[in-house]
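For reference, the structure is listed below as structure tokens.
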Amino acid sequence: MSASARDLAALLPAGFTLGVATSAFQIEGALTADGRGPTGWDIFAARPGAIVDDHSPAVSCDHYYRMPEDVELMKKLGIDSYRFSLSWARIQPGGSGPVNPAGLDFYDRLIDLLLANGISPMATLYHWDTPLPLDEAGGWMNRDTAYRLGEFATIAAAAFGDRVARWVTVNEPATVTTNGYALGLHAPGESLMLKALPTVHHQLLGHGLAVQALRAAKVPGEIGITNVYSPMVPASANPLDAVSAGLMDVAQNRLFADPVLLGKYPDVIRAATFFSSSFNPSSEDMELISQPLDFYGLNYYMPTRVASGPGDGAVPPGMAEAMGDDLSGTAPGAPFHIAPFPDTEITGYGWPIKPEYLSVALAEMAERYPDLPPIYITEGGASFEDVAVKDPDMGRLIIPDERRLRYLSDHIATAIKATAPGGAAESVDLRGYFVWSLMDNFEWSGGYKQPFGLLHVDFDTQIRTPKASYYWLQELLSARTKAAASAASADKAAEP
Ligand code: GBH
């Protein structure tokens, strides 16, 4: 057994949940099967140039047809929980109106199979795949979409409420607003820049209405939201860099977390929109948005280094694509730009690998939000191009993804140490970590070129091959089980 897996197993607190995550649009394929309705992403992904090399999500991992095989691979992995998302358009093809029984049936089978294998289901209601008729009516620019999500939550609660252990209402509204509505990099492909602000409020309202619907249905599972969090790091002591980092912090972090956890938008947003009648949230809305949650989901991938001024256009590879030119510094006249961290290893996306900033993220959350609910890190992971090699001993193919393995090991260890007594974020009640992702999949505008999986997927043959990181996590989970068993027998031996 690797030292890394054994040492980390010894660190895991009792009851800590280790899981893997995916989302429906990224893995299922079968976009027209069994009555599924189209989504905004179906249309966006077909636009020439929208996706790297015009890759198509039509088949992806073919998970809709291979779900039992994928659950079997999770069982062999030994994980506690699987975070997946419900395809709204499979279940309610029009985004409102009639329910499609075949859509419900797919998730019924998935959830039952998970439970039969001892894997606890965590279901996300909205992971970006808006039913097309709603996008055509304005998507998240339209307040009505929030009510439709509330209605979808009622449908999901009635169908799966008895079996889902944890509910995530909305995944990363910040990314939908920034990439989908401000920069045009994701569906629905709008480039509204600051005019995208209503999409923030409407998604958060959708979250609030979904919480209300799940509570009204008295689901026994825990309820939360997932926000992405990236600590903003000024590039130098220049006060303008600090101001720029502060602006990014408001736009990417606080704009989405403050309303949920403090019941109000950041002051600078309220000041900036004081004269705009289109953004004047009522106290009823704010109460819905800030209802108490059972947990708060945090997606952590990396910190962001911010410098004032337009920059020189030297952006780490992949970063411009992930962030949009307007924020990356290639746009002339941009007020600030994202700068690379010096001497820092990067992932396939160009994202800096900085596990220590996960500790910073958790400490900042604790400091900003005194009533922080228990936290799950609902996503973390790294894309690297993997190369299969022949195992010299066994002659079979292996995928030595040591960099991904190290990313996961370092981040999980950092999160646990930071929240242990004496750690930088010791007041945070950290309950678990979910690896993004179970398998290589359709990485939004990155197509199939940014593999995040523990399982390699050959998109021609659909063969799944466990990578070294999969075997490492398997070892970690079995080391934990053995440690718990020997602790229990030691307790027993000590009994009088
Ligand atoms: C997640 O998005 C998604 O939930 C998941 O579907 C996706 O596959 C996965 O991660 C990997 O991309 O604060 O301005 O620096 C994360 C996408 C990209 C969102 C970088 C935050 C930084 C914006 N993240 N972005 S900024």
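From a predicted model like this one, the values you see are computed outputs, not experimental measurements. In each ligand, atom 1 is the first atom listed, and ligand 1 is the first ligand listed.
- Those atoms of ligand 1 with a heavy atom of W128 less than 4.0 angstrom away are 2 (O), 3 (C), 4 (O).
- If you number the atoms of ligand 1 from 1 as listed, the ones under 4.0 Å from a heavy atom of N171 come out as 4 (O).
- For the pair Y349 and ligand 1, the shortest N or O to N or O distance does not fall below 3.5 Å.
- In summary, the atoms of ligand 1 found under 4.0 Å from a heavy atom of T175, numbered by their order in the structure, are 19 (C).
- Applying the 4.0 Å criterion to heavy atoms of E379 picks out, from ligand 1, the atoms 1 (C), 3 (C), 4 (O), 5 (C), 9 (C), 10 (O).
- Within the 4.0 Å heavy-atom cutoff, Q450 does not count among the residues contacting ligand 1.
- Close approach to W351 involves these atoms of ligand 1, each under 4.0 Å from a residue heavy atom: 12 (O), 18 (C).
- In this structure, the ring-ring contact (aromatic ring centres under 6.0 Å, His included) partners of H55, at least two apart in sequence or on a different chain, are Y448.
- By the criterion of a heavy-atom distance under 4.0 Å, neither the backbone nor the side chain of N441 is placed next to ligand 1.
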Let me check something: any side-chain donor-acceptor pairs from residues 352-364 under 3.5 Å, sequence neighbours excluded? List them with distances.
residue, atom, partner, partner atom, Å
K354, NZ, T344, OG1, 3.2
E364, OE1, Y229, OH, 2.4

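- Considering backbone and side-chain atoms alike, W436 places an N or O below 3.5 Å from some N or O of ligand 1.
- Note on ring orientation: taking the six-membered ring where Trp is involved, the planes of H186 and W444 are tilted (angle from 30° to 60°).
- The two residues A468 and L405 have their closest heavy-atom pair at O-CD1, 4.0 Å.
- Within a 6.0 Å radius of NZ in K449, other residues, nucleotides and ligands contribute 12 heavy atoms or fewer.
- Interface atoms of ligand 1 facing M302, defined by a heavy-atom separation under 4.0 Å, are 20 (C).
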### Query
When you look at N171 and T124, which way does the side-chain hydrogen bond (donor to acceptor under 3.5 Å, both in side chains) test go after all the steps?
CA-CA 7 Å; N171 177 74; T124 302; 5.8 Å; no
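- In this structure, V71 and I119 approach most closely via the heavy-atom pair O-CD1, 4.4 Å.
- The M232 neighbourhood of ligand 1 comprises atoms 13 (O), with distances under 4.0 Å to a heavy atom of that residue.
- More than 12 heavy atoms of other residues, nucleotides or ligands sit less than 6.0 Å from atom CD of E69.
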